[in-house]
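Okay, so here's the structure we're looking at.
Sequence lines set the chain letters: A, B, ... in the order given, protein chains first and strands last, and positions in each chain run from 1.
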Amino acid sequence: MADSFRDAVVGLLAEHTNVSRSEISAKIEVPSDDLLGDYAFPCFFLAKELKKSPVAIATETASRVNDALASAKEGIIERAHAAGPYINFFVNKAGLAATVLAAVEKEKGGYGGSKNGKIIMVEYFHANTHKAVHIGHVRNICLGESLCRILEFSGNKIVRVNYQGDIGPHVAKCIWGIQNLNLGAPPAINRLRWLGNVYVQANTAVEGNEKLEADVKQLLLRIYAGDKELNQLWKETRQWCLEEFDEMYKDFGVKHDEFYFESEVEFEARKISQQLLKEGIAQESDGAIIMDLKPYKLGVFILLTRDGTALYSSKDIALARKKMSKYSLDRSIHVVGREQELHFKQLFKTLSLMGEKERQFAEKSHHLIYGLVMLPTGKMSSRAGSVVFYDDLRSGLIELATEEVKKRHADWEEKKVADAAKKIAFAALKFGMINRDNDRELVFDWEQAVKLEGETGPYLQYAYARICSVFRKYGKVLPGKIKYSGMTTSAAEVNVIKFVKIFPDIVAVAAEQLKPALLSRYLLDLAQSFNNFYNDCQILGAEPDVRDARLLLCAAVKQVLENGLRLLAIDVLDEM
RNA sequence: GGACCUGUAGCUCAGUUCGGACAGAGCGGCAGCCUUCUACUCAAACCAGAAGCCAGCUGAAGGUCGUGGGUUCAAAUCCCAUCAGGUCCGCCA
């Protein structure tokens, strides 16, 4: 967003120093403390050239700037002040308020957006069928969806893709378990969880038993070969899973544009692998087809097993081809955990060795890494039974939120309580998943997840609800003309205005760096500064001019919270 | 053995990409703001005591930025070494 205040500071400095505008612009910063000023210009780098101490340079330049400001008529910059080696600039606060609040009022739901015009594919969620969904998938879907929304808000066209492992050894094991373990009939609901359990049981039964392992392998080959009975069972159980995934998408506000399945690229994957072997790009090793990437320090990438079945690797190559032929993408982002980092490096390298088209596609591809979700006791392990399943998580959080809502609103009817509780529970969950640097592991802790105070999603919802309550009490429409001069006396107010002002910048950086956490952190800061203001300043009880200006500020904060939370796929509430 | 990530307050984490003004939040604990009660008073406020509420606020407390070197006017940030934890490294995804 254009920043006329910053530009004015750059202009002043360009006029009173020998430094170019572009260099000044690069050096200008925002002081750590508001009391110091609104913009700052460090003078260290001028010291050598001018052979003076940075302190002297700052003092002299500041006084020249102030002389110029004094002779000029009312400008948006009020004064400069030398503080050690820094020149600090103070802007006209009423002007700042007017500019920022008018921008929000004008752009409303679009405030903070931009127009980048790229076509970006984002692949996320990709849970496997026949395995239970757990907390790790939740981090993926929260991160993926908010990333999509941020990129979309930044004016890009997003293709949301889900690539699902619906075939492979894990499915074979599950089906083997259904046929060979006496686990009773599948339930009418929560069948995904039941299948996941069958898979775990089968895994335990088969592991270490060579004969059974061979049986499962044969079973997989028969599925690939199109065995009628097995395919029917596979398709039926697969469908159960997909239906439950659909429910989950609703919880997280996700609508994929494209679903790819491993089963639909398996044939192509085998074909491509054979072709690569024929072209001498891939090689044979121990009966398997591999890419030898040791020259690139990427080890060995196995495409086809000794049995001739395609692995994740070659299926991903086939998938890339499929995407390339359908879409003309500027970028392709894979939201996948850290444990697959090597896989993606190998995949991109292999693509780039395949041909010019593939090489270009590999350059546009990006693996967005995030850390594992751990438990306080360590890594999740289905064998040790230490897995937090999504269905348990969901019901547990909703139950807790329901209690809290009831405690506060004994008079609310059942439906209203349920609605609020669900929104609050998911706000807590989603925010907790997003508000963490991608690189870091996330330790999931029920106590933390359930928290509604402090740095949480509900804290943001609460700030929003407070503003709604102010407007309910006010009960009128804001007048069109508002005087800003009376409102900017409090530091708390100015602080809020500054946060509102930088929202578009935050969205832009979050989009560029693919880090929704930057946005979630910002929203916390905004809400905190608003709560400070709310405590410090009377709103409805103030003089009419001041009251109206403050109401407009509230409206702006409400709008930014709404826009920001929408980008995190978190719902807002008018009352909570 | 190799590759990547992490190490900052009692706990959970920002800040490191691009070196600059005193290293920031949240949680927990402490002291308050708010409500009620008690005592006092003609009455109210202040003050004192007790209980409670609080998706909110304030204040104070809490730090060898893993360790050791180096570069620099300036290092949590850059470079080197080292320790600790995590993930991955040929037929899972």
Side-chain angles (χ1 to χ4, degrees), chain A residues 26-27 29 31-33 36-37 40 42-45 47-48 53-54 83-86 88 126-128 131 163-165 167-173 203 217 262 285-292 297-313 315-316 336-343 345-346 369-372 374 376 378-379 401 404-405 407-408 424 427-428 432 435-443 445 447-448 451-463 465-466 492 513 515 517-518 520-521 524-525 527-528 530-536 573 576:
Chain A
K27 296 257 197 253
E29 45 190 74
S32 49
D33 187 337
L36 291 169
C43 298
F44 302 99
F45 74 106
K48 249 182 203 159
S53 84
Y86 289 86
N88 293 324
H126 32 56
N128 288 339
K131 270 185 177 179
Y163 174 51
Q164 312 190 79
I167 194 75
H170 73 282
V171 177
K173 273 181 198 161
N203 218 6
K217 202 176 262 179
E262 281 192 32
S285 167
D286 278 341
I289 297 182
I290 64 156
M291 287 293 297
D292 181 5
K297 295 190 172 174
L298 292 174
V300 170
F301 198 40
I302 301 172
L303 303 178
L304 289 193
T305 67
R306 203 177 294 135
D307 310 313
T309 56
L311 291 172
Y312 187 41
S313 49
K315 289 181 203 163
D316 257 3
V336 180
R338 149 141 297 123
E339 65 274 20
Q340 291 187 37
E341 189 172 7
L342 180 62
H343 166 80
K345 281 185 180 164
Q346 291 175 325
I369 299 170
Y370 63 88
L372 274 177
M374 311 282 280
K379 199 180 171 179
E404 291 291 326
V405 173
K407 218 193 286 175
R408 290 175 174 81
I424 291 166
N435 191 37
R436 168 101 26 161
D437 190 87
N438 295 349
D439 271 337
R440 293 181 64 119
E441 282 168 7
L442 188 155
V443 178
D445 185 347
E447 289 215 1
Q448 295 294 323
K451 279 260 165 65
L452 307 173
E453 300 159 37
E455 296 180 327
T456 64
Y459 175 82
L460 300 178
Q461 291 177 315
Y462 183 64
R466 279 187 125 167
Q513 302 190 358
K515 282 187 176 177
L518 295 178
S520 63
R521 296 227 148 251
L524 283 176
D525 289 339
Q528 194 173 49
F530 172 77
N531 279 329
N532 270 319
F533 154 71
Y534 183 88
N535 246 269
D536 263 23
L573 296 95
M576 63 188 281

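- One interatomic measurement links the two molecules: CE of Met374(A) to C1' of C5(B), which rounds to 12 Å at whole-angstrom precision.
- Val300(A) has its side chain out of reach of Ser285(A): every pair of non-hydrogen atoms, C-beta onward, lies at least 4.5 Å apart.
- If you check every strand for non-hydrogen atoms under 4.0 Å, Ala40(A) touches a base.
- An OP1 or OP2 oxygen of C57(B) is reached within less than 4.0 angstrom by a side-chain nitrogen or oxygen of Tyr459(A).
- Picking from A21(B), C27(B), C57(B) the nucleotide with the shortest atom distance to the side chain of Lys451(A) gives C27(B).
- Using a 4.5 Å heavy-atom cutoff, the side chains of Asp316(A) and Tyr163(A) are in contact.
- You'll find the side chain of Leu311(A) stays beyond 4.5 Å of the side chain of Leu303(A), heavy atoms only.
- Between the P atom of A25(B) and the CG atom of Asn532(A) lies a distance of 11 Å, rounded to the nearest Å.
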Sequence-aligned protein contact record of nucleotides 88-93 of chain B, with B where the base is within under 4.0 Å of a protein heavy atom and S where only the sugar-phosphate is | SSBBSB

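- Base contact: Pro31(A) has a heavy atom under 4.0 Å from a base atom.
- Looking only at atom types and distance, the side chain of Tyr312(A) has a donor-acceptor partner in the side chain of Gln340(A) under 3.5 Å away.
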Give me the distances for all protein-to-nucleotides 10-16 of chain B N/O pairs that come in under 3.5 Å?
unit_1: C13(B); atom_1: OP1; unit_2: Arg436(A); atom_2: NH1; d: 2.4
unit_1: C13(B); atom_1: O2'; unit_2: Arg521(A); atom_2: NH2; d: 2.8
unit_1: A14(B); atom_1: OP1; unit_2: Asp437(A); atom_2: N; d: 3.2
unit_1: A14(B); atom_1: OP2; unit_2: Arg440(A); atom_2: NE; d: 3.3
unit_1: A14(B); atom_1: OP2; unit_2: Arg440(A); atom_2: NH1; d: 2.8

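- Considering only heavy atoms from C-beta on, Ile424(A) stays 4.5 Å or farther from Glu404(A) through its side chain.
- Gln346(A) places none of its side-chain heavy atoms less than 4.5 Å from the side chain of Met291(A).
- C4(B) atom C1' lies 10 Å from atom CG of Asp439(A), rounded to whole Å.
- A donor-acceptor contact under 3.5 angstrom links the side-chain atoms of Asn88(A) to the base of A21(B).
- The residue Arg466(A) sits close only to the backbone: its heavy atoms come under 4.0 Å of sugar-phosphate atoms, none of a base.
- Listed by chain and number, the residues in a side-chain contact (heavy atoms from CB on, under 4.5 Å) with Ala127(A) are Phe125(A), His137(A), Phe245(A) (sequence neighbours excluded).
- Looking at residues two or more places apart in sequence or on another chain, you find a salt bridge (charged side-chain N to carboxylate O under 4.0 Å, His left out) between Arg338(A) and Glu341(A), Asp439(A).
- The OH-P distance, from Tyr534(A) to C57(B), rounds to 12 Å in whole Å.
- At whole-Å resolution of the value, CZ in Phe530(A) and P in C57(B) are 11 Å apart.
- Residues passing the ring-ring contact (aromatic ring centres under 6.0 Å, His included) test with Phe301(A), sequence neighbours excluded: His343(A).
- For the pair Thr309(A) and Leu304(A), the minimum side-chain heavy-atom distance is 4.5 Å or more.
- Listed by first residue number, the stems of RNA chain B with at least three Watson-Crick or G-U pairs below 3.5 Å are B:1-7 with B:83-89, B:10-13 with B:24-27, B:30-33 with B:56-59, B:34-38 with B:48-52, B:66-70 with B:78-82.
- At a threshold of 4.5 Å between non-hydrogen side-chain atoms, the residues Glu262(A) and Gln164(A) do not count as touching.
- Among the heavy atoms of the strands, none lies under 4.0 Å from Ile369(A).
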